[in-house]
Structures are given as C-alpha cells and as structure tokens.
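From a predicted model like this one, the values you see are computed outputs, not experimental measurements.
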Amino acid sequence: MANGAAPDRSPDDSRPARRPGGRTARVRAQILDATVELVARDGIAGFRYEEVAETAGVHRTSVYRNWPDREELVVEALLRYAEGLASVADTGDLHRDLVDFLVALAGGLETPFGRTLEQALQPARHAATVQALGKILDQRVAALRRRVDTAVERGELPPVDSGFLGEMLSGPVHLIVNRGMRPFSRTDAERIVTVILAGIRATTAPTAAPPTGVPAATGRTRRPRA
C-alpha cells in the first residue's frame with residue numbers, strides 16, 4: 001500500500017455485519033432463559049441472583065447492567081415465558097379451539113415453571129411479582145374472551161359472559177393438574193368443552209311457545225319488564 005493509504009473497501013465492508021437481534025439481544029435472551037430455569041428449580045423465593053450469570057454463560061456485569069433489580073429480572077422472565085400460555089387459535093371450529101387451548105394450558109401448568117407459577121399465586125410476596133402474575137392471567141383471560149366473543153358474533157354460541165365461561169373451562173384443568181393424581185389428557189379436555197358448551201346452549205336457548213290449544217306449563221314465570 002503506497003503512502004500508507006487505506007485499502008479500498010466495498011460498501012459492504014465499510015462496517016461490521018450486524019447479526020439479527022445483535023449480541024445484546026442474544027445475551028438478554030440467555031439471561032432470561034437462565035432465570036426461567038432457576039425459578040423453575042428453586043421457586044421465586046429460592047431464586048438466587050448470583051447464579052444467573054453462571055447458568056447463562058455470560059459475564060456477571062451483563063446481568064447487573066440489564067437488570068439492576070433482582071425482582072425486575074424475575075418479572076420479565078415470568079412474562080416472557082408465559083406469553084405462549086395466553087394464545088387461543090381461531091380455526092373457525094370453536095369446540096376444537098377450546099380443546100386445544102385446554103390441552104396447551106395443562107401442558108404449560110405441568111412443566112416445572114408452570115408449577116412455580118401456580119405456587120407463586122398462593123400468594124406471591126412481592127408486589128411486582130403479583131402484578132406480573134396478574135398480567136399473565138389477564139392476557140390469558142383476554143385471549144379466551146376474544147375467541148368466545150367471536151363465536152357469539154358468528155352464531156356459534158348464544159350471548160354469554162365470556163369471563164365466566166373461561167373460568168368454567170379452565171377450573172377443571174387447574175384441579176386435575178394440581179392434584180397430580182394423573183396427567184391431564186385430551187379426552188379430559190373434550191369432555192369439559194362438550195359438557196360446558198352444551199350447558200351454555202341449553203340454558204340460554206329461547207323457550208318455544210306451546211302449540212295452539214295447549215295450555216302453558218304451570219310454574220313460576222317471569223313477567224316482561226316495562
């Protein structure tokens with residue numbers, strides 16, 4: 001090279017290539033994954049901040065720089081891991097979508113991290129953790145509510161309190177999983193959805209008028225409000 005001139009560079013060589021997400025995003029993901037692993041193993045109360053860097057395979061300063069507060073790290077890891085538990089598909093088949101949702105919910109609850117979440121709800125000691133867990137539950141309820149409301153709009157279901165329906169559907173899943181007597185199966189989900197949807201449709205179906213000349217059945221009736 002003459003006169004110490006810098007070698008010619010093409011536009012592609014003028015700056016280092018950037019990897020998708022970058023190193024910072026990758027390190028953060030490793031730290032959050034390590035936090036999930038440690039929380040699943042030791043629970044929220046037993047989670048030790050000092051072990052994160054070693055488990056993640058990163059320098060300790062990377063943990064402290066991104067999450068100076070231990071509780072903020074736990075909260076973000078909880079929210080990141082639980083995102084998948086809040087999804088409800090819309091294939092156009094309400095029964096199938098609800099069955100798939102219950103099977104996925106049970107699968108998440110049966111993991112070590114899912115069991116940790118359940119234990120943390122009874123109750124969590126830290127306000128931020130309580131808020132994070134509440135947000136996870138709110139996301140799950142909101143997703144299910146949207147699917148039920150869509151089913152009502154399409155005529156798949158009569159008008160129904162979607163929040164109450166969600167509680168009726170998910171309650172048996174929590175009961176079976178928390179008992180630990182046997183794994184939750186797709187057959188369980190099918191039975192739960194079949195019984196609850198049948199009950200909703202039966203109890204909200206309009207009463208047919210009696211044939212002409214046949215007196216209406218006796219009993220308490222509701223008068224229409226003015």
message: Using side-chain contact (heavy atoms from CB on, under 4.5 Å), reason through Leu73 and Asp69 one step at a time and then give a plain yes or no.
response: CA-CA 7 Å; Leu73 172 58; Asp69 182 84; over 6 Å; no
message: Would you say CZ of Arg154 has more than 12 non-hydrogen atoms from neighbouring residues, nucleotides or ligands within 6.0 angstrom?
response: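 Yes.
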Any chance you could measure [X], atom [atom1], to [Y], atom [atom2], to the nearest 0.5 Å?
| X | Y | atom1 | atom2 | value |
| --- | --- | --- | --- | --- |
| Arg179 | Phe184 | CZ | CZ | 13.0 Å |
| Asp33 | Arg28 | CG | CZ | 12.0 Å |
| Leu38 | Thr55 | CG | OG1 | 4.0 Å |

message: Taking Glu51 first and then Arg60, would you say they form a salt bridge - that is, a charged N and a carboxylate O separated by under 4.0 Å?
response: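 Looking at Arg60 together with Glu51, the answer is no, because their closest N to O distance does not fall below 4.0 Å.
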task: Mind checking side-chain contact (heavy atoms from CB on, under 4.5 Å) for Ser185 and listing every partner two or more places apart, or none if nothing turns up?
output: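 For Ser185 the side-chain contact (heavy atoms from CB on, under 4.5 Å) partners, ignoring immediate neighbours, are Thr187, Asp188.
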- prompt: Do you know the tightest heavy-atom contact between Val27 and Ser62?
  reply: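 Looking at all heavy atoms of both residues, the closest pair is CG1-CB, 4.0 Å.
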query: Minimum heavy-atom separation for Val74 to Thr35, with atom names?
result: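 Scanning both residues, the minimum pair turns out to be CA-CG2, 4.3 Å.
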Do [X] and [Y] come within less than 4.5 Å of each other through their side chains, counting heavy atoms only?
| X | Y | result |
| --- | --- | --- |
| Pro158 | Val152 | no |
| Glu190 | His95 | yes |
| Val88 | Arg146 | no |

task: Verify, without hydrogens or angle tests, whether Glu37 (side chain) and Ala56 (backbone) share a donor-acceptor contact under 3.5 angstrom.
output: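 Flag not set: sc Glu37 to bb Ala56 has no pair under 3.5 Å.
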field: Sidechain-backbone polar pair: Arg201 side chain, Glu156 backbone, donor-acceptor under 3.5 Å
entry: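 Indeed, once roles are kept as given, a pair shorter than 3.5 Å links the two residues.
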Name every donor-acceptor pair, under 3.5 Å, that has one atom in a side chain of residues 162-170 and the other anywhere in the protein, sequence neighbours excluded.
unit_1: Ser162; atom_1: OG; unit_2: Arg145; atom_2: NE; d: 3.3
unit_1: Ser170; atom_1: OG; unit_2: Gly166; atom_2: O; d: 2.9

When the side chains of residues 96-106 are checked against the rest of the protein, which donor-acceptor pairs come out under 3.5 Å, sequence neighbours left out?
unit_1: Asp97; atom_1: OD1; unit_2: Thr91; atom_2: N; d: 3.4
unit_1: Asp97; atom_1: OD1; unit_2: Thr91; atom_2: OG1; d: 2.8
unit_1: Asp97; atom_1: OD2; unit_2: Thr91; atom_2: N; d: 3.0
unit_1: Asp97; atom_1: OD2; unit_2: Arg147; atom_2: NE; d: 3.0
unit_1: Asp97; atom_1: OD2; unit_2: Arg147; atom_2: NH2; d: 2.9
unit_1: Asp100; atom_1: OD1; unit_2: Arg186; atom_2: NH1; d: 3.0
unit_1: Asp100; atom_1: OD1; unit_2: Arg186; atom_2: NH2; d: 2.6

message: Tell me whether Val173 shares a hydrophobic cluster with Val195, the cluster being built from Ile, Leu, Val, Met, Phe, Trp, Tyr side chains joined at under 4.5 Å.
response: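 No, no single cluster joins them.
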